[in-house]
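Each chain gets a letter, A, B and so on, in the order its sequence line appears, and its residues count up from 1.
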Amino acid sequence: MIKMKEEKRKGAWTEEEDKQLEWYVSLFGERRWDFLAQVSGLKRSGKSCRLRWVNYLHPGLKHGRMSPQEEQLVLQLHSYWGNRWSQIARKLPGRTDNEIKNYWRTRMRKIAQERKMNSSPALSSYNDTNFYFNEPQSRTEREEEEEGGNY
DNA sequence: AAGGTTTTCAACCGCAAATTT
DNA sequence: AAAATTTGCGGTTGAAAACCT
């Protein structure tokens, strides 16, 4: 509504920006991002503020590598739900959709890479498409919705 | 030591869904 | 009710870190 024709910053967040954001979130809560972006004086969009908060600053987030158990859970849940990162993340306390998505991509690459290695160097008659889409649909859409003890 | 290559992962974008006016 | 604004999602990117050679 109040449109500020203010130049927006982009790229990595600085520590000062983080502090500032934390302060304003503590003041106003983790919502009304657009409003918060303006009133805080941060030269960031509301969207950017939200992202920074939910993916990094939010208390209770685990940082660093996922444990093998977590990784396994991701695999499992992905096999029912596909790329519904947000939904998957809800089952992994302290982990974000973004993080999980990143993990998945990394894994994908690793698989593609490995595959390249053990398949015969000279003539591989397969090609790569569809390699990793494990065909999970033996369990039909019944698990779709979240609440209710699934998995 | 240095410069080129690969990997990582935080942050961007566009669109969709939700909420507000 | 409908238009406008805000929030949330998932795919994708690129700068910096890590890894060669």
Between [atom2] of [N] and [atom1] of [X], the distance in whole Å:
X        : N      : atom1 : atom2 : value
A:Arg31  : C:dT7  : CZ    : P     : 10 Å
A:Leu21  : B:dA10 : CG    : P     : 16 Å
A:Lys110 : B:dT6  : NZ    : P     : 19 Å
A:His63  : B:dT8  : NE2   : P     : 18 Å
A:Ile100 : B:dT8  : CD1   : P     : 17 Å
A:Trp13  : B:dC12 : CH2   : C1'   : 13 Å
A:Phe35  : C:dT7  : CZ    : P     : 11 Å
A:Ile88  : C:dG10 : CD1   : P     : 8 Å

Practice prompt. Take atom NZ of A:Lys19 as the centre, draw a 6.0 Å sphere, and report whether it contains more than 12 heavy atoms from other residues, nucleotides or ligands.
Written response: no
Practice prompt. Step through the shown structure and confirm whether more than 12 heavy atoms of other residues, nucleotides or ligands are within 6.0 Å of CD on A:Gln72.
Written response: no
Discussion item. Could you tell me if A:Arg52 and A:Ser48 have a donor-acceptor pair between their side chains, going purely by distance under 3.5 Å?
Written reply: no
Discussion item. Could you check whether any side-chain N or O of A:Arg9 sits under 3.5 Å from a backbone N or O of A:Ala12, counting only pairs where one atom can act as donor and the other as acceptor?
Written reply: yes
Worksheet item: Under 3.5 Å, side chain of A:Arg44 to main-chain N/O of A:Gly41, donor-acceptor pair present?
Response: no
Discussion item. Just to verify, which of A:Val54, A:Leu61, A:Asn102 counts as forming a side-chain contact (heavy atoms from CB on, under 4.5 Å) with A:Thr96?
Written reply: A:Leu61
Worksheet item: Does A:Arg109 count as lying over the ring of A:Trp104, i.e. NZ or CZ under 6.0 Å from the six-ring centre, within 45 degrees of the axis?
Response: no
Discussion item. Distance to the ring centre below 6.0 angstrom and angle to the axis at most 45 degrees; does that hold for A:Arg50 and A:Trp53?
Written reply: no
Output a table of nitrogen or oxygen pairs between the protein and nucleotides 11-13 of chain C separated by less than 3.5 Å.
| from | atom 1 | to | atom 2 | distance (Å) |
| --- | --- | --- | --- | --- |
| C:dG11 | OP1 | A:Asn83 | ND2 | 2.7 |
| C:dG11 | OP2 | A:Trp85 | NE1 | 2.6 |
| C:dG11 | N7 | A:Lys101 | NZ | 2.8 |
| C:dG11 | O6 | A:Lys101 | NZ | 3.1 |

Fill in: Strand contacts (DNA chain C) in residues 44-61 of chain A, 4.0 angstrom heavy-atom criterion
A:Lys47, A:Arg50
Worksheet item: Does the side chain of A:Asp97 reach to within under 4.5 Å of the side chain of A:Asn55, using non-hydrogen atoms?
Response: yes
Practice prompt. Please step through side chain to side chain contact (heavy atoms under 4.5 Å, CB included) for the pair A:Arg107 and A:Leu75, ending with a clear verdict.
Written response: CA-CA 10 Å; A:Arg107 181 166 169 285; A:Leu75 262 43; 3.6 Å; yes
Practice prompt. Just say parallel, tilted or perpendicular for the rings of A:Tyr56 and A:His63, cut-offs at 30° and 60°.
Written response: tilted
Item to complete: Measure the angle between the two terminal helix axes of the helix from B:dA2-C:dT21 to B:dT21-C:dA2, five base pairs each, and quote it to 10°.
Response: 20°
